[in-house]
Amino acid sequence: MQEFFSGIGDSLYKLLIVENRWEMLLEGLGITLFIALISTILGTVLGFLVGIVRSTYDLQLKGKKCRKFSDYLLKALDVVARIYVTVIRGTPVMVQIMIMFFVVFATAQDGVFPAILTFGINSGAYVAEIMRSGIMSIDKGQFEASRSIGFDYKRTMIYIILPQAIKNILPALGNEFIVLLKETSVACYVSVQELTFTGNMIASRTFDIFTSLIAVAAIYLVVVLVISYLLKLLERRLHNSDH
Amino acid sequence: MITDNVLIKVDNLTKSFGDLHVLRGINAEIDRGDVMVVIGASGSGKSTFLRCLNLLEEPSGGTITFEGVDITDDSVDINKHRQKMGMVFQQFNLFPHMTVLNNLTLGPVKLLGQSKVEAEKNAMRLLERIGLAEKANAYPNQLSGGQKQRVAIVRALAMNPDVMLFDEPTSALDPEMVGEVLEVMKQLAREGMTMVVVTHEMGFAREVGTNIVFVDEGVIVEQGEPGEFFGNPKNPRLKDFLSKVL
């Protein structure tokens, strides 16, 4: 028994203390969080815009004929948006990040920027569909009531539809952020020194793969739990504001 | 400038959904102060007719002239004209994320440029009228069906419209709540509000209607004052319909 505990202590000592490896892990975590945060923002903005285009097309133009220039523009945007969503959701993020790093940014020294771009664009496709489903789930009567008062489409969206839609999709969005955070581990394949990469590197020095991978997994888990908790607080707050 | 009393004039209005011809040429005139009650079997096109009046449904053909302006013209800003046409729906359609008070003030503040204080004062006056002033800060899902519909009526009234359109306003209500909604509508009619009402409430039609319209298969087959309309119907389809609902 004593041997067992001293074994654990020894493993942790090698994992964390030797060469100040806890600092390396902390740095890796920092890069992971940085990539996740920036690509979440990028993905949310992108997904929001694409979701608005897709749902506006569905609500305003689907099944109708284009009559004005703006109709044709919307239709073209919708086609682009649909291709974007289909391609991104239909290919592995691993392949996407390798294309981004080895093809698009072939001369890049550092993988952080290509990684952020990849995860942002990737997440945008999912957020777009979440947004669209949120908007389409709002009862048609809400549009009609707002339009009958005299609000145009844009103001109907801003005052009536989006506040209800965003509250409804918050759990799905939160889930998407959590998935994105974990997905950033893929960036280790383009040598971004984020958390998973760091764990691997330490394992290659200590020859103790088990301890370092478990440690990395535990760190991800703690971060996810913290984010889940924060999202729950936010949801509760939004629900308090009515009913 | 049109000086006569006609508020809405409908000329040869048609509406098709694909191959389905719902309206096949409706002609109607609604004068200021009129209470036009539209009746007909389900699927006859009566609701579609009403929803065409403020272009919630886009007509396939014909014209609708509202206060002298052809609102079916593409160059017309329909949002401006809709402000003058209040609408009440079967399913109430209150905004669930806003308090009752905000439901009433949103339009006046954002569209009519009223100050918040002014709009709230006006809203409270309207809520007092329907006896729901104490619900001003409640959310719609805390109200009963009848209360919701009364709020929906005053939400439309808060925009100070020239005509009120009612699309089966009591059809989704529990029977014991129909009366309170009809009472508000009757009061409105007595005050001289121009109204177009699609309903199955024949008692209401008889009591406050000035012009009853029977729609069948997308056309108006008979219309008249309630006395003549209900007392001496001529069209066989109308006779058949009335024998079933009265």
Side-chain angles (χ1 to χ4, degrees), chain A residues 55-74 131 134-171 173 234-243, chain B residues 17-18 47 50-51 53-58 74-75 77-100 102-112 137-142 148 151-152 155-161 163-167 172:
Chain A
S55 52
T56 300
Y57 175 82
D58 282 0
L59 291 166
Q60 297 278 80
L61 213 55
K62 201 176 188 178
K64 292 184 194 154
K65 277 196 189 118
C66 296
R67 280 187 285 193
K68 295 168 290 184
F69 172 72
S70 61
D71 291 351
Y72 287 102
L73 183 68
L74 177 59
M131 273 297 295
I135 290 169
M136 300 306 283
S137 72
I138 302 299
D139 182 40
K140 209 168 148 251
Q142 293 289 310
F143 284 92
E144 293 185 344
S146 172
R147 299 304 299 270
S148 77
I149 290 173
F151 287 112
D152 56 17
Y153 178 80
K154 197 176 100 192
R155 293 215 239 181
T156 296
M157 274 290 164
I158 293 171
Y159 297 137
I160 308 299
I161 306 303
L162 289 179
Q164 296 183 59
I166 287 172
K167 194 161 67 183
N168 288 353
I169 65 176
L170 211 64
L173 273 185
L234 181 64
E235 252 175 72
R236 205 175 302 158
R237 254 188 85 144
L238 280 175
H239 272 283
N240 280 346
S241 73
D242 65 12
H243 312 318
Chain B
F17 296 101
S47 273
L50 187 81
R51 290 159 56 82
L53 291 181
N54 67 351
L55 264 60
L56 274 189
E57 298 289 355
E58 210 175 315
D74 273 347
S75 63
D77 179 10
I78 185 61
N79 299 312
K80 279 270 170 255
H81 296 283
R82 280 187 181 138
Q83 294 176 15
K84 293 269 132 208
M85 308 170 107
M87 189 159 194
V88 175
F89 300 85
Q90 186 175 347
Q91 298 297 338
F92 328 129
N93 297 342
L94 293 177
F95 306 133
H97 59 303
M98 295 178 187
T99 61
V100 165
N102 285 341
N103 266 275
L104 264 66
T105 57
L106 184 71
V109 169
K110 303 287 185 190
L111 293 172
L112 302 182
N137 293 313
Y139 282 88
N141 63 359
Q142 297 168 318
K148 280 182 197 167
V151 169
R155 178 177 68 180
L157 286 177
M159 291 296 288
N160 200 16
V163 60
M164 288 282 285
L165 311 175
F166 292 86
D167 187 5

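So that the names make sense, note that chain A is the first sequence line, chain B the second, and so on, each numbered from 1. FYI, side chains are in, hydrogens and waters are out, and symmetry mates aren't considered; it's all heavy atoms of this structure.
Heavy-atom distances place no part of B:K80 under 4.5 Å from chain A, backbone and side chain included. For B:L94, the part lying under 4.5 angstrom from a heavy atom of chain A is the backbone only.
For B:S47, the side chain to side chain donor-acceptor pair (under 3.5 Å) test picks out B:D167, with sequence neighbours left out.
Taking CD from B:Q83 and CD1 from A:I149, the interatomic distance works out to 10.0 Å, rounded to the nearest 0.5 Å. Rounding to the nearest 0.5 Å gives a distance of 12.0 Å between NZ of A:K154 and CG of B:N79. Here the straight-line distance linking atom CE of B:M159 with atom OG of A:S148 works out to 9.5 Å at 0.5 Å rounding. Atom NZ in A:K64 sits 6.0 Å away from atom CD in B:E58 (nearest 0.5 Å). Here the CG atom belonging to B:D77 is positioned 8.0 Å from the CG atom belonging to A:D152, to the nearest 0.5 angstrom. Summarising the geometry, atom CD1 belonging to A:I166 is positioned 10.5 Å from atom NE2 belonging to B:H97; distances are rounded to the nearest 0.5 Å.
Within a 6.0 Å sphere centred on NZ of B:K84, heavy atoms belonging to other residues, nucleotides or ligands number more than 12. Residue-environment remark: CZ (B:F17) exceeds the threshold of 12 foreign heavy atoms within 6.0 Å.
Between chain A and the options B:I78, B:L106, B:T99, heavy-atom pairs under 4.5 Å are most frequent for B:L106. Interface remark: of the candidates B:H81, B:Q91, B:R155, B:R155 forms the most heavy-atom pairs closer than 4.5 Å to chain A.
The closest side-chain heavy-atom distance from A:I160 to B:M98 is below 4.5 Å. In this structure, A:Q142 and B:P96 have side chains that are in contact, with non-hydrogen atoms separated by less than 4.5 Å. The shortest distance between side-chain heavy atoms of A:R155 and B:L111 falls below 4.5 Å.
What you find for A:A145 and B:F95 is that their closest heavy atoms are CB-CE2, 3.9 Å. Here the closest heavy-atom approach between residue A:G150 and residue B:R82 is recorded as CA-CB, 4.0 Å.
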